[in-house]
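One structure is given below, encoded as structure tokens.
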Amino acid sequence: MQLPRWWELGDPCAWTGQGRGTRRMSPATTGTFLLTVYSIFSKVHSDRNVYPSAGVLFVHVLEREYFKGEFPPYPKPGEISNDPITFNTNLMGYPDRPGWLRYIQRTPYSDGVLYGSPTAENVGKPTIIEITAYNRRTFETARHNLIINIMSAEDFPLPYQAEFFIKNMNVEEMLASEVLGDFLGAVKNVWQPERLNAINITSALDRGGRVPLPINDLKEGVYVMVGADVPFSSCLREVENPQNQLRCSQEMEPVITCDKKFRTQFYIDWCKISLVDKTKQVSTYQEVIRGEGILPDGGEYKPPSDSLKSRDYYTDFLITLAVPSAVALVLFLILAYIMCCRREGVIQLVHHSAIQKSTKELRDMSKNREIAWPLSTLPVFHPVTGEIIPPLHTDNYDSTNMPLMQTQQNLPHQTQIPQQQTTGEC
């Protein structure tokens, strides 16, 4: 954004004061910019003095054109120098600016702006701001000082203050004198005050707003606070009626009769307007009753004696180790008893052992066919009693004539299966 130079802000002869930066506006906007300060670096190599008023918006433009003379010319003759220049601002002797002063520069090819609302605590105290310009092409720097002499305002603070949220503006666009003048002119037409001042401007990002997407020319939004000496108009109070409050709670746009006076240039979110009446605010300040600053006499201090009794910590040490060790040992014994002495499923373990033995014997038989009768063909234990059954054949039994399927015989250890009898037998 290209901010206006001093000769574009109006008639140069209208400026008054020795570097104070206040000027008289046209009759249409008399009182609108009466105390709003706009200042710019002069073309002299000296410190710049400005005289803003407490509680009134202060704007100071850092022009790139001025600092171009501090750096060497462009390497190619005949071409216009357009070096990228950035600025760093800080309070002299400190790494940052005062709390009331903000700084913004959108790109290295745009001018920087210092803006804010001075506080009454700094009235009469010179505030020296160090301004360092960096040439991003040659990496050279130039430094100047800005001396801010904050003055007290007779009508500070104005009793009626209103804060508007403008959705279609960025903060650097709103800081331009012609844009801010148009907005204050629209507010004056709606409010009709005798005195109207811009108090402060804040970016929506400083209030927790989100960075807009780079589509459809979306803006960040800006809060503008203005003050006047007369009560709020009926149009400004329309947002407080129940119908508009209900529409705001439903995220609908309220119906404001004077919105058309702003809509041509400014899109105001009327649900976020804030009206503050300083005349009705109850002071919460409580006077501090200061005492003599002497503590009550508590007697003479008595330090502890040097002959303290020694304490034996050996017993405490043994208890600290013995008790956890004993508990751990008991838990270990209980777990060992459960895992080893309370085993269940003995028959399943015997089955598993028999299967392992049978597998080993079958593997041995595949190597040598002339071996004794395999134990895998013999029952290992009784399925009911679990007793071990002796082998059916002795070691010298000739197994060559043994059929593959033997006839079922009632062996002494076999379980008898009852036979179902027919109904016709006697």
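Formation of a donor-acceptor pair under 3.5 Å by the Asp229 side chain with backbone atoms of Glu194 is found in this model. Under a 3.5 Å cut-off, the side chain of Asn168 and the backbone N or O of Gln265 do form a donor-acceptor pair. Under the 3.5 Å distance criterion, the side-chain polar atoms of Asn170 are left unmatched by any main-chain donor or acceptor of Glu172. Between the side chain of Asn189 and the backbone N or O of Gly185, at least one donor-acceptor pair lies under 3.5 Å. Side chain of Thr86 to backbone of Pro108: no donor-acceptor contact under 3.5 angstrom is found. Remark: side-chain polar atoms of Trp191 are paired, donor with acceptor, to backbone N or O of Val230 under 3.5 angstrom. In this structure a side-chain-to-backbone donor-acceptor pair under 3.5 Å is missing from Ser117 to Asn200. Side chain of Gln245 to main chain of Val239: a donor-acceptor pair is present (N/O by atom type, distance under 3.5 Å, no hydrogens or angles). Between the side chain of Asn197 and the main chain of Ile199, no donor-acceptor pair closer than 3.5 Å is present.
A 4.5 Å side-chain heavy-atom check between Arg97 and Leu114 finds at least one atom pair inside the cut-off. Put simply, the side chain of Leu236 reaches to within 4.5 Å of the side chain of Trp270, judged on heavy atoms. Counting heavy atoms from C-beta outward, Asn244 and Ile256 have side chains that approach closer than 4.5 Å. Pro84 is not listed as a side-chain neighbour of Thr107, based on a closest heavy-atom distance of 4.5 Å or more. Within the 4.5 Å cutoff, the side chain of Asp83 has no heavy atoms near those of the Glu140 side chain. Residues Glu240 and Phe232 fail the side-chain proximity criterion, which asks for heavy atoms closer than 4.5 Å. When side chains are defined from C-beta on, Pro324 does not count as touching Val327, because their heavy atoms never get closer than 4.5 Å. You'll find the side chain of Glu238 stays beyond 4.5 Å of the side chain of Val255, heavy atoms only.
Remark: the Asp206 side chain and the Ser203 side chain contain no N/O donor-acceptor pair separated by less than 3.5 Å. A donor-acceptor contact under 3.5 angstrom links the side chains of Asn90 and Glu130, judged on distance only.
Residues Tyr109 and Asn82 share a closest heavy-atom pair of CE2-O, 3.2 Å. Minimum interatomic distance between Leu101 and Ile148 (heavy atoms only, all atoms of both residues): CD2-CD1, 4.3 Å. Counting all heavy atoms, side chain and backbone alike, Ala204 lies closest to Glu220 at CB-O, 3.2 Å. The minimum heavy-atom distance linking Tyr103 with Phe87 is given by the pair OH-CB, 3.2 Å. Scanning all heavy atoms of the two residues, the minimum distance from Glu70 to Ala142 falls at CB-CB, 3.8 Å. Closest of all the heavy-atom pairs between Arg137 and Asn135 is N-OD1, 2.9 Å.
Arg48 has no carboxylate O lying under 4.0 Å from a charged side-chain N of Glu63, or vice versa, which leaves the two without a salt bridge. A salt bridge does not link Lys167 to Glu253: none of the charged side-chain nitrogens sits closer than 4.0 Å to a carboxylate oxygen.
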Apply the test ring-ring contact (aromatic ring centres under 6.0 Å, His included) to residues Phe164 and Phe266: give CA-CA distance (whole Å), side-chain angles for both, the deciding distance (0.1 Å), then the verdict. CA-CA 10 Å; Phe164 300 86; Phe266 307 100; over 10 Å; no

Please evaluate residues Leu62 and Gln105 with respect to the criterion side-chain contact (heavy atoms from CB on, under 4.5 Å), reporting the C-alpha separation (whole Å), side-chain torsions for both, the decisive distance (0.1 Å), and the verdict. CA-CA 9 Å; Leu62 307 179; Gln105 183 184 17; over 6 Å; no

Verdict with supporting geometry, Lys278 and Leu158, side-chain contact (heavy atoms from CB on, under 4.5 Å): CA-CA 8 Å; Lys278 295 286 186 179; Leu158 292 173; over 6 Å; no

Could you go through Met174 and Leu180, starting from their C-alpha distance and side-chain angles, then the distance that decides it, and tell me whether this counts as side-chain contact (heavy atoms from CB on, under 4.5 Å)? CA-CA 6 Å; Met174 198 66 199; Leu180 186 58; 4.0 Å; yes

Before you tell me yes or no, could you show the steps for Thr202 and Arg102 under side-chain contact (heavy atoms from CB on, under 4.5 Å), namely the whole-Å CA-CA distance, both residues' side-chain angles and the distance that decides it to 0.1 Å? CA-CA 9 Å; Thr202 307; Arg102 299 185 181 94; 3.9 Å; yes

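Note that CD1 of Ile131 and CG of Asn88 are 10.0 Å apart. Values are rounded to the nearest 0.5 Å. In this structure, CD1 in Ile85 is found 11.5 Å from OG1 in Thr141, a value given to the nearest 0.5 Å. Atom CD1 of Ile273 and atom CD1 of Ile268 lie 7.0 Å apart (nearest 0.5 Å). Between atom CD of residue Glu65 and atom NZ of residue Lys68 there is a gap of 4.0 Å, rounded to the nearest 0.5 Å. The CG atom of Asp182 lies 9.5 Å from the OG atom of Ser177; values are rounded to the nearest 0.5 Å. For the atom pair Phe71 CZ and Tyr134 OH, the distance stands at 10.0 Å (nearest 0.5 Å).
Ring geometry for Phe262 against Phe183 counts as tilted: the plane angle lies between 30° and 60°, on a 0 to 90° scale.
In this structure, Arg207 forms a cation-pi arrangement with Tyr223, its terminal cationic atom sitting closer than 6.0 Å to the ring centre and no more than 45° off the ring axis.
For Gln250, the CD atom sits in a packed shell: over 12 heavy atoms of surrounding residues, nucleotides or ligands are nearer than 6.0 Å.
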